[in-house]
Engineer: 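Mind having a look at this structure? Questions to follow.
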Amino acid sequence: MKSKLIFWTIAAFIACIASGIGFLFFREEPIPFWVVQCIAILSLLLATFIYHKLVKPYHILLSGMQLLKDQDFSTHLRPVRNKDANELIGIFNRMISQLRSERLAVREKNQFLDLLIHASPQGIIILNFDKQIVEVNPSGLKLLNISELTEIKGKTFNESTFELAPALAGLKLGDDVMVRNSVNKIYRCIHSSFIDQGFKHPFILIEEITHELQKIEKESYERIIRMMSHEVNNSVGAIGSTLNVVADIFKQDENNKWEYVLPAIEASFDRCGHLASFISNLAQVIRIPEPTFSLISLNEQVRSVYALTSAECQQRNIELVLSLTEEDQYIHVDGIQFEQVLVNIIKNAYEAIGKNGKIQIYTHHAPLSIIIEDNGPGISEETRQKLFTPFFTTKSSGQGIGLMFVREVLTNHQCKFSLTTENGHTLFKILFNTDTKA
């Protein structure tokens with residue numbers, strides 16, 4: 001607008017000068033006077049021609065530049081009576097239409113991507129270049145057990161306090177690892193990146209694979225145990241029968257010249273018995289029946305387990321203490337299976353302590369839960385990551401099936417559970433599913 005005013009001001013100034021020269025110097029001479037006036041008129045006509053040919057298209061294009069600056073891609077330029085200018089205007093309008101289409105496509109893709117991220121069952125954590133958390137989808141907040149994004153937004157993993165933060169902080173670009181938390185849930189964590197405006201933006205995918213992995217584990221060890229049971233039981237039965245026959249033959253020898261062999265035969269027979277017992281214990285893990293739920297008293301269940309384990313604790317000089325709720329709570333469980341679970345947990349506790357210690361059993365009603373605490377040597381982080389893994393044990397003579405049994409039963413009861421060390425004490429926590437019906 002300013003340049004247009006300047007143009008017409010200059011044009012009018014030139015016309016006025018030409019007309020003024022005519023009045024001042026050629027007023028008495030008609031022919032020169034009118035020649036000068038014609039020149040003034042022609043200058044105005046020339047200015048008008050130049051305006052329509054150059055200045056007006058220039059201003060139209062300036063308007064187009066302003067539209068681009070304001071990112072207004074919905075407005076087009078109107079054609080003018082100028083072929084060259086119309087070609088530029090046509091190119092500009094096509095460019096505007098293409099930009100509008102591309103912007104609309106990008107906006108639709110971004111909206112679709114936002115919806116996809118929001119609805120994804122996988123947890124998605126988007127980071128900035130300083131490794132600070134800028135966005136987490138609802139599934140991610142749920143997996144991380146975070147109520148509001150504001151709790152962690154703008155923080156790095158090292159500055160965050162949620163349980164998986166240390167493991168996520170250690171991930172490098174391209175890592176694909178499995179992480180286990182304190183409540184025996186297993187997560188697959190992938191650190192990757194996407195390109196936006198030529199820069200790599202890091203993000204982390206989190207997926208809970210607890211049930212899938214446990215299902216694969218169970219199917220695998222069930223096949224192994226069945227195969228081992230079949231082969232070992234067939235061999236043990238035949239070997240045991242042969243050893244009995246041989247022992248009877250040697251015992252019938254009146255000269256007793258084979259007497260020195262009998263202890264070796266008896267020891268071999270005992271080892272066959274131990275092997276059969278070992279295989280039988282393994283087989284029990286895959287024969288756990290579906291729970292038969294009934295309504296039972298939690299405190300009475302704990303007192304029953306106390307009666308079964310107190311004698312062993314006394315022999316080890318371990319104090320077994322009950323801290324039960326005043327108002328009795330009732331749970332829907334399979335009483336026999338759940339009793340075995342508690343016995344297994346307490347057995348692990350007093351075996352970890354060895355002698356001279358304390359085991360305390362708490363029951364709570366809000367939330368409905370039971371905690372078994374001992375002052376044993378505790379559990380290292382490396383060991384905690386392997387707990388509940390099939391056949392894993394820290395005992396020299398252990399089979400690694402006790403916690404397998406505990407995991408299977410509690411999982412079938414839809415209970416949440418964890419085994420951790422806090423302040424020098426080992427705690428096994430069981431949180432009951434109050435929705436389970438008898």
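Position 1 is the first residue of the sequence, and the numbers go up from there.
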Engineer: Out of curiosity, Thr363 OG1 to Leu324 CG, how far, rounded to the nearest 0.5 Å?
Structural biologist: 4.5 Å
Engineer: Check whether the ring centres of His413 and Phe293 lie less than 6.0 Å apart, and answer yes or no.
Structural biologist: yes
Engineer: Hydrogens and angles aside, do Gln360 and Ser323 bring a side-chain donor and acceptor to less than 3.5 Å of each other?
Structural biologist: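 Note: Gln360 and Ser323 side chains meet the donor-acceptor criterion.
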Engineer: Between Gln329 and His365, is any side-chain donor less than 3.5 angstrom from a side-chain acceptor?
Structural biologist: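 No, no side-chain donor-acceptor pair sits under 3.5 Å.
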Engineer: For His201 together with Phe129, are the ring centres under 6.0 Å from each other?
Structural biologist: yes
Engineer: When you measure from the side chain of Thr325 to the backbone N and O of Asp328, does any donor-acceptor pair fall under 3.5 Å?
Structural biologist: no
Engineer: Taking Thr292's backbone N and O only, do any of them form a donor-acceptor pair with Asp334's side chain (distance below 3.5 Å, no angle check)?
Structural biologist: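 At least one qualifying donor-acceptor pair exists.
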Engineer: Please determine, by modelled atom types, if Ser310 and Gln314 share a side-chain donor-acceptor pair under 3.5 angstrom.
Structural biologist: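 There is no such pair between these side chains.
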Engineer: How close do Asn158 and Ala169 get, counting heavy atoms only, and between which atoms?
Structural biologist: OD1-CB, 3.3 Å
Engineer: What are the two closest heavy atoms between Gly170 and Asp175, and how far apart are they?
Structural biologist: O-OD2, 4.3 Å
Engineer: Using the six-membered ring wherever Trp is involved, compare the ring planes of Phe428 and Phe417 and label them parallel, tilted or perpendicular (cut-offs 30° and 60°).
Structural biologist: parallel
Engineer: Hey, can you tell me if Phe157 and Phe162 have their rings parallel, tilted or perpendicular (30° and 60° cut-offs)?
Structural biologist: perpendicular
Engineer: What closest approach, in Å, do Ile353 and Lys358 show between heavy atoms, and which atom pair accounts for it?
Structural biologist: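 In this case the closest contact between Ile353 and Lys358 is CD1-O, 3.8 Å.
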Engineer: Which distance, rounded to the nearest 0.5 Å, do you find between the SG of Cys189 and the CD of Glu207?
Structural biologist: 10.0 Å
Engineer: Going from CG on Asn344 to CZ on Arg407, what distance comes out if it is rounded to the nearest 0.5 angstrom?
Structural biologist: 14.0 Å
Engineer: Sort out for me which residue in Thr156, Leu127, Ile126, Leu168 forms a side-chain contact (heavy atoms from CB on, under 4.5 Å) with Ile133.
Structural biologist: Leu127
